[in-house]
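Notes to accompany the following structure.
All residue numbers in this chain count up from 1 along the given sequence. Just so you know, ligand 1 is whichever comes first in the structure, and atom 1 is the first atom listed for that ligand.
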Amino acid sequence: MLKGRITKALSGFYYVESEGVLYETRARGLFRKTKESPLVGDIVTFQVENENEGYIGEIHARKNALMRPPVANIDQVLITMSMKSPEFSYYLLDRFLAYAEAHDIEPVIVITKTDLLKDEGYLKEIEAVYQPIYDIHFTDRHHINEDLKGIFKDKISVLAGQSGVGKSTLLNTLVPELELNTAEISNALNRGKHTTRHVELVEIAGGLIADTPGFSTIEFTELDRYNLKFCFPDFNHFSDACKFRECQHIKEPKCGVKQAVADGRLAASRHESYLSIYQEIENRKARY
Ligand SMILES: Nc1nc2c(ncn2[C@@H]2O[C@H](COP(=O)(O)OP(=O)(O)OP(=O)(O)O)[C@@H](O)[C@H]2O)c(=O)[nH]1
Ligand SMILES: [Mg+2]
Ligand SMILES: [Zn+2]
C-alpha cells in the first residue's frame, strides 16, 4: 500500500500523486457503501495493481472539505473582491469570510482592480476593518506585490469571488503557464451546465491551487445560527464583555459587541453583515 494525494478527479478515475509519481486509481465498492467518495485534495492509501494503476483503500481524515468546488484539505481560500465593476461590497466580503470560517478554511482577502478607484481613503478604510483579523492584499493586474506571490508556498489554495472580479486575471498574472487552463475553464462554463467539470490541483508558486472557477455564490445551508458568531472572529475581542454568556449580539442588553460598534472599536458593517446572515439562516429554518 502507498500513500499519496489525489490531485485530479475525472470520469471515475482519481489521479494520486505519491513521491513524484502519478497513479491512475479507482475507488472500488467500499465508497459506495460508506457513501463517502474521494475528493481532490484527499490523502489516500492505495494499492498499486499495474505499474501506474491502483485502487484506493482508505481516505485519511480530512481537515476540511468543500462540495462546490469539490476539494478537501484546503489550507486557504483567496477571497477576491474588486473595488469596481463589480462594486466593492462589505456585505458580500463578509459573507465569503463567514463561509470560509464555517468550513474551517483560512481566508486571505485579495482586493482587485484598485486602478479603477480614485479614492485612496476607501482602501484605507477597508484595510482598517480587516487588517486586524485577516491577511489582506490590494492588487490590480499590473501590480501584484511580492508578498502575494509568497502566500502559496506549501499550501493548497482555492479561489472564491463573484464573477468578473478578476480571479482568472490574477492567476494568469501570478502563473502565466496557467493561462491555458483558466481559458479552458471559462469556455467550459460558457458551454453550459452539461459540460463535464473536473477539478485539478495545479502548481502555483511553490504550492497547489484548485484549477476551478472557485465559488461565487454561497448559501449557509449547514450552519446553525447560534454558531454564526464564531464565524466573526473579531467579535471575540468584545464578547467577553457581554452580560449573558449565550449572547447572540442581537437584541440582548449589555452586549459587548454592540457596545464596541457604538464606540467605534468594531466596524458597524461587520455587525450589520452578521445580523443579515443571522436573519437569513433564521428565515430558512422557519420554512421547514
Ligand atoms: N481595470 C482592471 N480590470 C481588470 C483587473 N483585473 C481584471 N480586470 C478585468 O475584469 C474582467 C474580468 O476579469 P476575469 O479575470 O475574467 O474575472 P473572473 O473573476 O475570472 O470572472 P469569472 O471567470 O466570470 O468568475 C476582465 O475584462 C479583466 O480584464 C484589474 O486589476 N484592473
Ligand atoms: Mg474566471
Ligand atoms: Zn453580545
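Near D140, the atoms of ligand 1 lying under 4.0 angstrom from a non-hydrogen atom of the residue are 31 (O). Distances below 4.0 Å separate heavy atoms of G164 from the following atoms of ligand 1: 10 (O), 12 (C), 17 (O), 18 (P), 19 (O), 21 (O), 22 (P), 24 (O), 25 (O). Distances below 4.0 Å separate heavy atoms of L116 from the following atoms of ligand 1: 1 (N).
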Check the pair S18, F46 against side chain to side chain contact (heavy atoms under 4.5 Å, CB included), reporting the backbone distance first and the verdict last.
-> CA-CA 10 Å; S18 176; F46 64 104; 3.9 Å; yes
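Scanning all heavy atoms of the two residues, the minimum distance from S239 to H249 falls at CB-CE1, 3.7 Å. Contact detail for Y55 and E49: the closest heavy-atom pair is CE2-OE2, 3.6 Å. Shortest non-hydrogen contact noted between L228 and Y278 is CD2-N, 3.4 Å.
R26 forms a cation-pi arrangement with F13, by the criterion of a distance under 6.0 Å to the ring centre and an angle within 45° of the ring axis.
The aromatic ring centroids of F235 and Y274 lie less than 6.0 Å from each other.
There is a side-chain donor-acceptor pair under 3.5 Å between E125 and Y90. Side chains of E17 and T7: no donor on one and acceptor on the other come within 3.5 Å.
At a threshold of 4.5 Å between non-hydrogen side-chain atoms, the residues D94 and L97 count as touching.
Of the heavy atoms in T169, both backbone and side-chain atoms come closer than 4.0 Å to ligand 1. Both the backbone and the side chain of V165 come within 4.0 Å of ligand 1, judged by heavy-atom distances.
Of the listed residues (S82, P86, G161, S163), the one carrying the non-hydrogen atom nearest atom 22 (P) of ligand 1 is S163.
Note on the Zn ion (ligand 3): protein N, O or S atoms under 2.8 Å away count 4, no waters included.
The side chain to side chain contact (heavy atoms under 4.5 Å, CB included) with R62 is formed by just one residue from the set N73, D104, I74; it is N73.
The shortest N or O to N or O distance between G166 and ligand 1 is under 3.5 Å. Distances between N or O atoms of K167 and those of ligand 1 include at least one value under 3.5 Å. For ligand 1, the polar-atom distance check against R141 finds a nitrogen or oxygen pair separated by under 3.5 Å.
T25 places no side-chain N or O within 3.5 Å of a backbone atom of Y15 that could act as its donor or acceptor partner.
The Mg ion (ligand 2) lies at 2.8 Å or more from every N, O or S atom belonging to S163.
Residue contacts with ligand 1 leave out T112, since none of its heavy atoms falls under 4.0 Å from the ligand.
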